[in-house]
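Note on naming: letters A, B, ... go to the chains in the order of the sequence lines (proteins, then strands), and numbering restarts at 1 for each one.
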Number of protein chains: 2
Amino acid sequence: MYCGAMARTKDPAVRSLLLDRAAQMLRTRQPVTLRTLVAGTGVSTMAVYTYFGGMDGLWKALRQEGFTRLATRLAAVKISADPVRDLAALGAAYLANALENPDLYRVMFDAGFDLEDAGAADETLHRLVRSIERAKASGRFRDEVDPLELATQSWTIGHGLASLVATGPLPHQTLAHGAPMLTALFTSAGDEPARCRQSVEQGWGRPPGAVADRRAVVRGDPA
Amino acid sequence: MYCGAMARTKDPAVRSLLLDRAAQMLRTRQPVTLRTLVAGTGVSTMAVYTYFGGMDGLWKALRQEGFTRLATRLAAVKISADPVRDLAALGAAYLANALENPDLYRVMFDAGFDLEDAGAADETLHRLVRSIERAKASGRFRDEVDPLELATQSWTIGHGLASLVATGPLPHQTLAHGAPMLTALFTSAGDEPARCRQSVEQGWGRPPGAVADRRAVVRGDPA
DNA sequence: CCACAATACATAGCAACGCTATGCTTTGAT
DNA sequence: ATCAAAGCATAGCGTTGCTATGTATTGTGG
């Protein structure tokens with residue numbers, strides 16, 4: 001019998017070319033369609049199918065890319081001696097990432113967030129879990145605190161904020177609420193209030209996207 | 001001179017027929033397209049244009065409908081003598097509504113949530129504000145508490161939870177986190193911890209969608 | 001060394017999408 | 001009763017994602 005023979009090898013450069021272009025089109029708010037995506041790249045529409053199996057696959061890969069960027073961003077947060085500060089810093093990094101690429105962030109969470117490789121998403125949450133465990137070890141949080149539960153709650157706050165700001169309803173300045181909310185949460189986990197606030201504000205820093213805003217609160221000026 | 005002559009009047013029944021059908025198709029996860037929407041209704045595709053000005057208008061009306069349902073749901077929450085309990089009850093109602101119509105909820109928040117009539121959305125937030133003011137008046141919250149800020153923070157928690165559960169990543173049981181999170185927030189606003197927990201748990205009741213779950217935590221079983 | 005089989009990719013065409021142009025029908029004010 | 005304006009059905013346009021087909025390319029077995 002004969003073994004199969006190999007043929008042309010897929011060029012990974014084409015894959016990232018399409019992915020980058022899609023991300024950039026998303027950023028500049030151009031509609032990302034099969035034809036507009038490949039237009040000007042020299043490759044044909046079929047490339048999308050050989051590399052991603054279709055547009056759905058492209059979106060999935062784009063979500064993956066979003067989580068990879070997020071993971072990179074969180075990995076850049078330097079771990080300090082103060083685990084509560086670190087938690088706030090991770091939250092701030094999460095929000096900063098979401099607001100630097102709001103469209104990519106939106107893509108990450110619609111379609112039910114199914115990924116090929118959930119490693120990046122897992123790592124994201126696990127990083128929080130580890131900081132919470134350190135906070136417990138240093139006596140800042142109570143022993144009964146379940147790290148995964150508290151991590152999920154922190155994530156909920158971060159995502160709620162990111163989602164409401166990135167999709168429209170709330171103005172950017174609302175991001176400042178992150179600090180008091182995290183302080184409330186961590187205090188309820190056992191941290192001493194004054195010290196907690198100090199740690200959180202230190203880790204949170206200036207609100208992630210502290211810029212002048214363009215949108216009114218809820219009623220939304222009909223701009 | 002002559003005034004313009006009137007003609008056939010728009011039939012509001014057709015409008016709600018289309019709206020209801022769209023909501024039902026959303027619920028049963030059938031794709032809502034111009035043609036599938038009008039198929040079987042007897043009306044033609046043009047009806048969508050006369051009543052909504054196009055598919056965009058239909059989605060906008062659908063968002064409106066979502067906010068109306070939410071407002072109705074919140075209005076059904078009975079105000080008690082305990083404003084903190086009421087706040088938790090409003091949060092629970094918010095989540096219950098989001099999880100009864102998850103697809104409608106998703107529609108409400110993508111596309112930047114632009115509405116013709118923001119009254120319903122405003123009313124939603126204002127209901128929280130009023131309860132917070134009552135909590136301040138009865139001495140449960142500190143005087144320095146800004147009702148709108150605290151309302152926004154409560155909303156952020158509710159939306160974060162609803163969004164993460166409705167769009168996939170978190171299992172339904174996560175909704176139970178709502179109570180401790182709100183307790184943490186309201187305690188930080190000045191409420192006495194033990195009493196706060198009692199009030200919140202009373203208002204929150206059984207977690208809104210307390211049912212067996214179908215999805216694993218984050219890694220998501222590849223079902 | 002070379003022929004072959006498997007893969008990459010361009011081209012063209014398909015069904016379905018949202019939308020608009022057109023004309024018929026209905027209606028209410030004059 | 002009349003007639004302009006509005007509702008609405010039909011048909012067709014451009015674009016969407018996708019697939020079928022043909023061509024070019026390349027690693028490997030004989």
Would you kindly give the CD-to-P distance between B/Gln30 and C/dA16, to the nearest whole Å? 16 Å

If you look at every strand shown and take non-hydrogen atoms under 4.0 Å, does A/Gly42 touch a base, only sugar-phosphate, or nothing? sugar-phosphate

What bend angle does the helix from C/dC1-D/dG30 to C/dT30-D/dA1 show across its length, from five-pair end axes and to the nearest 10 degrees? 0°

Pairs under 3.5 angstrom, nitrogen or oxygen only, protein versus nucleotides 14-16 of chain D, please.
| unit_1 | atom_1 | unit_2 | atom_2 | d |
| --- | --- | --- | --- | --- |
| D/dT16 | OP1 | A/Thr33 | OG1 | 3.3 |

Starting from C1' on D/dA9, measure out to CG on B/Leu37 and report it in whole angstrom. 16 Å

Please determine whether a side-chain nitrogen of the Lys or Arg among A/Lys60 and A/Glu65 lies less than 4.0 Å from a carboxylate oxygen of the Asp or Glu. no

Could you tell me whether B/Glu100 and B/Arg73 have a side-chain N and a carboxylate O separated by less than 4.0 Å? yes

Name every residue in residues 44-56 of chain B that has at least one heavy atom under 4.0 Å from any atom of DNA chain C, in order of residue number, or write none if there are no such residues. B/Met46, B/Tyr49, B/Gly54, B/Met55

Any donor-acceptor pair under 3.5 Å linking the side-chain atoms of B/His159 with those of A/Ser163? yes

Compare every heavy atom of B/Val32 with every heavy atom of B/Ala22, then report the nearest pair and how far apart it is. O-CG2, 4.0 Å

Do the ring planes of A/Tyr94 and A/Tyr105 sit parallel (below 30°), tilted (30 to 60°) or perpendicular (above 60°)? perpendicular

Hey, mind stepping through A/Ser80 and A/Asp86 against side-chain hydrogen bond (donor to acceptor under 3.5 Å, both in side chains) and telling me if it holds? CA-CA 7 Å; A/Ser80 75; A/Asp86 295 349; 2.8 Å; yes

Got a salt bridge between A/Arg27 and A/Asp103, using NZ or NE/NH1/NH2 to carboxylate O under 4.0 Å? no

